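Report on the following structure.
Keep in mind it's a predicted model, so treat the numbers as computed, not measured.
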Amino acid sequence: MATTLKDVTRLIRSKNAGAFQLTFDIMFDDEQTYRRVRDANVITKPLIRSLYGTPEEDILIVNYDAAQAIKITIPRPVSCGDLGERDIFGGQQYAPLMDIEI
């Protein structure tokens, strides 16, 4: 059975980063696991594009060593509070990240 991101993280979450962006935090309990995932280079712009339909030039991925975390920022598909918005706080958008194979 493959190891997935949800198996090795302490927390995977999404939230608003303003009215026009979503941010995703992938946090780890220890440096060894964080570095293993970071160095595996599986969390990439092409992967995020495939999961969220966001053009690669609009995706920001930051490996934040000091916090043992990976942060991803993308534009919101619909502005926060706009007609058609289904998750005003952006808190339910992390689910596709959970099953990424490491």
Q. Are more than 12 heavy atoms from other residues, nucleotides or ligands located less than 6.0 Å from atom CD of Gln32?
A. no
Q) Roughly how far apart are Leu97 CG and Ser14 OG, rounded to 0.5 Å? A) 8.0 Å
Q) Sub-3.5 Å donor-acceptor pair from the side chain of Tyr52 to the main-chain atoms of Gln93, do we have one? A) yes
Q) Hey, are Arg76 and Glu85 close enough for a salt bridge, meaning a charged N less than 4.0 Å from a carboxylate O? A) yes
**Q.** Rounded distance [0.5 Å steps], OG1 in Thr9 versus CD1 in Ile100
**A.** 10.0 Å
Q | Least distance between heavy atoms, Leu22 atom then Gly90 atom | A | CD2-CA, 3.7 Å
(Q) Check for me, please, whether Ile48 and Val62 land in the same ILVMFWY cluster - side-chain distances under 4.5 Å, paths through other members count. (A) no
Q) What residue pairs, at least two apart or across chains, pass ring pair (Phe, Tyr, Trp, His ring centres under 6.0 Å) with a residue in residues 73-99? A) none
Q) Can you get from Ile12 to Ile43 by hopping between Ile, Leu, Val, Met, Phe, Trp and Tyr side chains that sit under 4.5 Å apart? A) yes
Q | Exercise: do Asp65 and Tyr34 side chains pair donor with acceptor under 3.5 Å | A | yes
(Q) Would you say Val42 ends up clustered with Leu51 if hydrophobic residues are merged whenever their side chains have heavy atoms under 4.5 Å apart, either directly or through other cluster members? (A) yes
Q: Could you pull out the closest heavy-atom pair between Asn16 and Cys80, with the gap in Å?
A: ND2-SG, 3.7 Å
**Q.** Pairwise distance CZ(Phe20) to CG(Asp82) - rounded to 0.5 angstrom
**A.** 8.5 Å
Q: Measure from the side-chain N and O atoms of Thr73 to the backbone N and O of Ile59, and report whether any donor-acceptor pair falls under 3.5 Å.
A: no
